[in-house]
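Quick note on labels: first sequence line is chain A, next is B, and so on, each numbered from 1.
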Amino acid sequence: MVTIRLTNSMTRRKEDFQPINRDRVGMYVCGPTVYDRAHLGNARPVVVFDTLYRLLRNEYQPDHVKYVRNFTDVDDKINAEAQRRKAAGRPESLEALIRERTEETIAWYHADMDALGALRPDVEPRATEFIGAMIAMIEGLIAAGHAYEAAGHVLFRVRSYRNYGALSGRSVDDMIAGARVEVAPFKEDPMDFVLWKPSDADLPGWDSPWGRGRPGWHIECSAMSYELLGDSFDIHGGGLDLQFPHHENEIAQSCCAHPQGGFARYWLHNEMLQVEGKKMSKSLGNFFTVRDLLGQGIPGEVIRFVFLMTHYRSPMDWTAEKARQAEATLRKWHRVLTGVAPTRPDDVVVHALADDLNTHGALQALRGLYDRLEDVRKVEAYGHPNDRSSLAESGDAIEGRFVASAQLLGLLLAGGDAWIGAGVDLAPYTARLTALREAAMASKDFSAVDALKSALTAAGVEVRMSKAGVELLPGPGFDASKLEALQ
RNA sequence: GGCGGGUUGGCGGAGAGGUUACGCAGCGGAUUGCAAAUCCGUGAAGACCGGUUCGAUUCCGGUACCCGCCUCCA
């Protein structure tokens, strides 16, 4: 049992993680608004918290961890897309078109995040499934004096919660002083935020004590975390951009609605993603989705590896060079370890992860383990019997530990090696090249050997020739169709 | 303008007040029909200016630059 330490945004310190109940560790992570394909930035918290989820499952048993990640399916951008389809002549109701859009987006999201080796959370609630819970929570907040109705809206009374700003380190007065936001005239205080807002006939809405309307953005996470994890739970995560105002508002709502509970005990925020040193944005033209990368032939496992190279609390820069390095390393590992069954994760890897999710350190530990594996294999193959018997553990044992450790990071997952071309049988080409080479050795005319070698290289095959013989391996850009042309 | 985070060798990226991080790339060598792969070896850093200290890349202060949030763009 290792002590997991996590940097708690609330205290700004690295703390020992002690779950409320070690038989039921709860984690809530803010999920996507399902209006379009997930972009690469959306994928970072998914990988970060998937890695934490895997670590928690390893430490507390898989069925003792409950991971909740929501789908926000109430949103103006979703409405806009549905209205666009309606305007284009679709006969279905607006609600049906909204459902259609969110359904297809969720399916994309699942496919893309699956490709990154992310486990599905235990529960993936949709906001629209918890409207009743949100209304009940809002009613409670009004009854307790923490919210008020004004001009068809319900607003949270920020001044009624003394600790407002504790998470993000802001004071209400400072924020008002520096505010650049236009303040709605019906607000008691500029910082008050919307819990419920009215919907007109062109927008989706639900009946409520305040008329037909829809929830504000923040209340869904408060309602869903309460329903699914209770008034006190262990970990709440999300991107740093959510720290304020989203998480601050969640805290205010939840703590005022359920003063008996402590809400989330450990707040984790991942830093943002950049692309080639700049913020990813549509205006800079460096905006792309996870699907874009997958479509370019960059495997999800490579994307994940690149993410893991950077600590989650540092800004992460996506570069083509990193992807290249990650792919090279993964190919090396896959070649040796494909098909190896996992045993138990390596202590060094687990300790790295337990130290505030030091994924970079964990990858370094894996490199070290790989080096040790090669050394042991050499001794096993060429060493004296005395050397062999003195080995602390066999190569097979190290391999099992390596794979278990990699899988703790979401790498080298079972069935996840198709992209390296492991399924293609290169033996016929190996035999042909070997035969040509043996003939060339005698004739000293290597032109036929070089021709075949070039063709194989062009098909993305790595050609290795040594005294021991010829070895062919699928390499970067491996293309089985080009190979067939050589038949 | 307010608040927060950061700045390490060509690139990525750590720990530690004094000892080689490490990986990739580079360079030298071994090996190879040639390459590739592999192995051995190797140079290279701590944004800038001060301070504390016997000694700082590591602690403190300032400057510059970068990033994020403050705007329902993760």
Q: Please name the residue in the list A:Arg304, A:Arg291, A:Arg120 that meets the salt bridge (Lys or Arg N to Asp or Glu O under 4.0 Å) test with A:Asp114.
A: A:Arg120

Can you tell me how far [atom1] in [N] sits from the matching atom in [M], rounded to whole Å?
N      : M      : atom1 : result
B:rC22 : B:rG46 : C1'   : 16 Å
B:rA44 : B:rG62 : P     : 34 Å
B:rA21 : B:rA45 : C1'   : 12 Å
B:rA35 : B:rG26 : P     : 15 Å
B:rU52 : B:rG10 : C1'   : 35 Å
B:rC66 : B:rC72 : P     : 25 Å
B:rG9  : B:rC3  : P     : 30 Å
B:rG68 : B:rC73 : P     : 14 Å

Classify [X] by what it touches in the nucleic acid, base, sugar-phosphate, or nothing, heavy-atom distance under 4.0 Å.
X        : value
A:Leu273 : base
A:Arg367 : sugar-phosphate
A:Lys453 : base
A:Val46  : nothing
A:Met309 : sugar-phosphate
A:Thr310 : sugar-phosphate
A:His39  : base
A:Arg313 : nothing
A:Glu374 : sugar-phosphate
A:Gly361 : nothing
A:Phe446 : base

Starting the side chain at C-beta, find the nucleotide from [options] nearest to [X].
X        : options                : value
A:Lys77  : B:rC72, B:rC11, B:rA36 : B:rC72
A:Lys197 : B:rC24, B:rC72, B:rG68 : B:rC72
A:Gln364 : B:rC24, B:rC22, B:rC69 : B:rC22
A:Leu242 : B:rA74, B:rA35, B:rG13 : B:rA74
A:Trp217 : B:rU38, B:rG23, B:rC72 : B:rC72
A:Asp450 : B:rA14, B:rA37, B:rG33 : B:rG33
A:Phe244 : B:rG68, B:rC73, B:rC70 : B:rC70

**Q.** Nearest-nucleotide comparison on RNA chain B, the residue closer to the 5′ end among A:His311 and A:Met465
**A.** A:His311

(Q) Heavy-atom nearest nucleotide on RNA chain B for A:Pro315 versus A:Lys444: which residue maps closer to 5'? (A) A:Pro315

Q. Between atom CE of A:Met224 and atom CZ of A:Phe71, what is the distance when rounded to the nearest 0.5 Å?
A. 10.5 Å

Q.
Could you measure the distance from the CD atom of A:Gln274 to the CE atom of A:Met280? Nearest 0.5 Å is fine.
A. 11.0 Å

What is the pairing partner of [N], taking Watson-Crick or G-U wobble pairs with both distances under 3.5 Å in any strand?
N      : value
B:rG17 : none
B:rU58 : none
B:rC65 : B:rG6
B:rC39 : B:rG29
B:rG1  : B:rC70
B:rG23 : B:rC11

Whole-Å distance separating the [atom1] atom of [X] from the [atom2] atom of [N]:
X        : N      : atom1 : atom2 : value
A:Tyr312 : B:rC67 : OH    : C1'   : 18 Å
A:Glu471 : B:rU31 : CD    : P     : 21 Å
A:Tyr370 : B:rA37 : OH    : C1'   : 11 Å
A:His360 : B:rU8  : NE2   : P     : 14 Å
A:Arg12  : B:rG5  : CZ    : P     : 7 Å
A:Gln325 : B:rC11 : CD    : P     : 12 Å
A:Leu240 : B:rG6  : CG    : P     : 11 Å
A:Leu433 : B:rA35 : CG    : P     : 16 Å

Q. Can you name the closest pair of heavy atoms from A:Gln243 and A:Ser9 and give their distance?
A. NE2-CB, 3.7 Å

Q.
I need the minimum non-hydrogen distance between A:Val449 and A:Leu433, along with the two atoms involved.
A. O-CD1, 3.9 Å

Q: Can you spot which of A:Tyr164, A:Tyr148, A:Phe193 makes a ring-ring contact (aromatic ring centres under 6.0 Å, His included) with A:Phe156?
A: A:Phe193

Q.
Let's go through A:Met441 and A:Phe446 carefully: what are the C-alpha distance in whole Å and the side-chain angles of both, what is the deciding distance for side-chain contact (heavy atoms from CB on, under 4.5 Å) to 0.1 Å, and is it a yes or a no?
A. CA-CA 8 Å; A:Met441 290 290 204; A:Phe446 287 91; 4.2 Å; yes

(Q) Closer than 3.5 angstrom, by distance alone: can the side chain of A:Lys187 be matched with the main-chain N or O of A:Asp192 as a donor-acceptor pair? (A) yes

Q.
Classify the ring geometry of A:His247 against A:His269: parallel below 30°, tilted from 30° to 60°, perpendicular beyond 60°.
A. tilted

Q.
Base of B:rC39, side chain of A:Lys378 - is there a donor-acceptor contact under 3.5 Å?
A. no

Q | Base B:rG12 to side chain A:Asp317, donor-acceptor N/O within 3.5 Å cut-off | A | no

